[in-house]
Amino acid sequence: MPHKTSSAPRDTKSKAERARQYLSVGGVAREDSDDELGLEDHPWEWIYSKEPAKRAGDERDIVGARMGDFQCMVGDCVLLKAEGTNEAWIGLICTFEEDDDGDKAADFMWFSTEREIRNKQKKRTDALPHEVYITPSWDINPLTSINGRASIVSVETFKSKYPSGKVPRSSKDYGKIFICRRGCNTRTATYTDEFNWEDIYNSADDILPLIERVQNQTKATRRRKKGAIADEDPADDWDPSNEPDEPKTPSKKRKFSQASTPTSKAKRTPQKFSTPTHKRIVIKKPLTFTPLSTRILSPHHTSSPFQLARTNLHVSSVPLTLPCRTAEFDTVYTHLEAAISAGSGACIYISGTPGTGKTATVREVVSQLNASVQAEELDDFIFVEINGMKVTDPHQSYSLLWEALKGDRVSPSHALGLLEREFDHPSPRRVPCVVLMDELDQLVTKNQSVMYNFFNWPGLRHSRLIVLAVANTMDLPERTLSNKISSRLGLTRILFPGYTHEQLQEIIRSRLSHVPDNIVDPDAIQFASRKVAAVSGDARRALDICRRAVEIAEAENIAAQNPLLATPSKSARSKEKNGTTFAHEKPKGGKVTIATVKQAINEATSSPLQQYLKALPLAAKLFLAALLARTRRSGVNECVLGDVVEEAKRLGLMAADNPSVHDFLLTDGAASAGQEDGMSLELKKGAKAGTVPRVLGMGFAAAELAEAGVIGVEGGRRGERVGKVRLGVGDEEIKLALKDDVEVRGLGFG
């Protein structure tokens, strides 16, 4: 990659300065540019060993690389600088090789500054100026990122050269000489014993002993020692031996194949979680999403078995365990923990119909991984959730990701440029970032740039970005996204199938396990589970149906205890009308049965429009029947109001087998006019009494339907027969709602 000179327009420089401010992540200051490599861009060339190859036909070992007059050898310490930043990284060249793209590269062992050690409790406070630490971390970077040589010396050598402790700006060592007296693992904040650099390292032959020293004297993982008690973290009080024989949280001490859905015990996670704010997760702090099971409910939510059941059956109430998703939990946990531990990028596509536990499982996995971080069993990571339903523009995802990484809020276009620079430049100790992209189909744009960037960044060498893409359709990448995006998504795809009726029964029973009095019949749970499993396998719909059934049973229980507080039903009114109510008869209620679940399913499956149409008075139903009949007869969507009234008269004459309709339509005209008191529709003069419809009910029905938007009335004054009327909803909706209504039997709805 050719180097560019620093000549740029003024506005471009200001943008670069702002980018440098955001990209300050702990390197050493580096103000000069390509001073040792020169201004001309020469190609890099290998320097081979003078010794012959060990085997016939093999190439000689690569011991160095040359670019013009500048050359570096294995064992040299060099500065690596990313374009657009004012900082450089110090690395020790271990080997030379060609990367996956065929470019010349080297494997660097990194030095770190004290600013890169994030654990403030274990961080040493005796760091000297110009001091760096040799770390047990490596990265393969292209040779084009090399900016110059670096000198690593001991404290005594540095003081002998610069007794004042400051390097003059005029010196050739300014910004290039550093002190190293310890090794450090920046993730675990563990240090080696103090040493003299010249005593332990002089040439490339000392690389392996240096690596062995740093690895042996620092902890490679954040794993606690047995018997150690960390008083700063309440989660450390958890003792696995005191737990019952239930599925446990998988950790790195156990095999991946044995990981199971974790149980959130009070001793394990006593801390409270906060509502998601898309802010950066700081080390040793809980994640920013809300397991609702930790919320403290007011006493009135659990004062009765019905209220406790309604609370537990609510879809926002996360239980202590996630039943029936053990295999999916294991798969997500395995891939995510492996990517975080390896410090590599990854894309994981999770699909499944709504209500199959995709988001809840991912959140639980991230929660347990964060618990492992707090227990010092896993490296730190950042978590951010981007929901496609919560952003007004898909490009805002850039701003949310940058805010999670750096804590700064910038515009989407500015965040895009900053993210590209961040993921391109070598940052050897970058913290892995886990991005949960929920409702992925809502983030698809016309040119699909957002999807391309988020799936392309994990493949970059320095990104350490892990993207969890969650969508409702399994073939979304092939059906919606282009080939260049779907190919970057990779082959790691996890399918969440719909719940079976046995699984739904287990989920509902687990929610009701602590509800006393057995208010839900087991047959009712089985009936609701089979109904939902036959359609979609949506656990949220099954919970909503059972919750509504509990509400109906609670209302019936209140009516049984105090009939004055209950709203009379149609059956009660019919019994009173027919005189069939007995003093010893008590209304049934207090338990959820199959009949209660049927009623809840009918309410859940019918739309609000159908519920409104079913609750209409008889006059309004007759008006709709007449309007539908007139529309079919004329073939025109708009009808004259007078013609609809005449059509209602014909329906009344034809509905002889329906006495209520027949008696309603063919009433005495004079009596009707006397009852209407001048509020009826205007009739044609000369209409015969006793044969005209009862226009008072029809007039009110038309007005009520017009106010509700079911019909539309145009032209003339209100109530005139010459006005035009048309349907405002689909005729199929009306037929579906009224086809089983006994009151309008024989009027053409069936």
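- Checked by atom type and distance alone, the side chain of Ser145 pairs as donor or acceptor with a backbone atom of Pro142 at under 3.5 Å.
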Subject >> Verdict with reasoning, Thr190 to Lys122, per side-chain contact (heavy atoms from CB on, under 4.5 Å) >> reply: CA-CA 8 Å; Thr190 54; Lys122 298 182 179 181; 5.8 Å; no

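- Using modelled atom types, one finds a donor on one side chain and an acceptor on the other under 3.5 Å when comparing Tyr174 with Arg169.
- Counting only distance, with no hydrogens or angles, the side chain of Thr135 and the backbone of Trp110 share a donor-acceptor pair below 3.5 Å.
- Side-chain atoms of Tyr398 and Asn453 include a donor-acceptor pair closer than 3.5 Å.
- With values rounded to the nearest 0.5 angstrom, Asp61 atom CG is found 14.5 Å from Lys50 atom NZ.
- For the pair Phe381 and Val366, the minimum side-chain heavy-atom distance is below 4.5 Å.
- When atom types are taken as modelled, the side chain of Thr157 and the backbone of Val153 share no donor-acceptor pair closer than 3.5 angstrom.
- In this structure, the side chains of Ile47 and Gln71 come closer than 4.5 Å at one or more pairs of heavy atoms.
- Residues Leu210 and Leu92 meet the side-chain proximity criterion, which asks for heavy atoms closer than 4.5 Å.
- Between the side chains of Thr334 and Thr331, no donor N or O sits under 3.5 Å from an acceptor N or O.
- Contact between Gly91 and Leu80 at its shortest, heavy atoms only, is N-CD1, 4.2 Å.
- Looking at Lys104 and Glu97, no side-chain N of the basic residue comes within less than 4.0 Å of a carboxylate O on the acidic one, giving no salt bridge.
- A distance of 9.5 Å separates CG in Asn185 from CD in Gln215, rounded to the nearest 0.5 Å.
- Of all heavy-atom pairs spanning Gly68 and Arg66, the tightest one is O-CG, 3.4 Å.
- Side chains of Lys161 and Ile177 form a contact here, defined as non-hydrogen atoms less than 4.5 Å apart.
- With sequence neighbours excluded, the residues satisfying side-chain contact (heavy atoms from CB on, under 4.5 Å) with Val74 are Phe96, Ala204, Ile207.
- A search for salt bridge (Lys or Arg N to Asp or Glu O under 4.0 Å) contacts involving Glu114 returns Lys123, not counting sequence neighbours.
- Of the N and O atoms on the side chains of Tyr162 and Asp173, at least one donor lies less than 3.5 Å from an acceptor on the other residue.
- Shortest non-hydrogen contact noted between Trp402 and Ala415 is CB-CB, 4.1 Å.
- Between Arg464 and Val431 the shortest side-chain heavy-atom distance does not fall below 4.5 Å.
- A donor-acceptor pair shorter than 3.5 Å can be found between the side chains of Ser154 and Glu198.
- Here Asn370 contributes atom CG and Asp380 contributes atom CG; the two are 9.5 Å apart, rounded to the nearest 0.5 Å.
- The number of heavy-atom neighbours closer than 6.0 Å to CG of Asp69, taken from other residues, nucleotides and ligands shown, is 12 or below.
- Two rings, from Phe178 and Phe158, have their centers 6.0 Å or more apart.
- The closest side-chain heavy-atom distance from Glu422 to Lys406 is below 4.5 Å.
- Under the 3.5 Å distance criterion, the side-chain polar atoms of Thr192 are matched with a main-chain donor or acceptor of Gly183.
- Atom-to-atom distance recorded for Leu468:CG and Met437:CE is 10.5 Å, nearest 0.5 angstrom.
- The minimum heavy-atom distance between Pro129 and Ile179, with the atom names listed, is O-CD1, 3.9 Å.
- Applying the salt bridge (Lys or Arg N to Asp or Glu O under 4.0 Å) criterion to Arg182, with sequence neighbours excluded, gives Asp126, Glu194.
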Original post:
For Leu378 and Leu369, what are the C-alpha separation, side-chain angles and deciding distance, and is it a side-chain contact (heavy atoms from CB on, under 4.5 Å)?
Top reply: CA-CA 7 Å; Leu378 186 69; Leu369 290 174; 3.8 Å; yes

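- The ring-ring contact (aromatic ring centres under 6.0 Å, His included) test with Tyr133 singles out one residue from Phe111, Phe195, Tyr191, and that residue is Tyr191.
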**OP:** Could you give me the CA-CA distance, side-chain angles and deciding distance for Met67 and Leu143, then say whether side-chain contact (heavy atoms from CB on, under 4.5 Å) is met?
**Re:** CA-CA 9 Å; Met67 176 185 172; Leu143 298 183; over 6 Å; no

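- Atoms CG and NZ, on Leu79 and Lys176 in that order, are 8.0 Å from each other to the nearest 0.5 Å.
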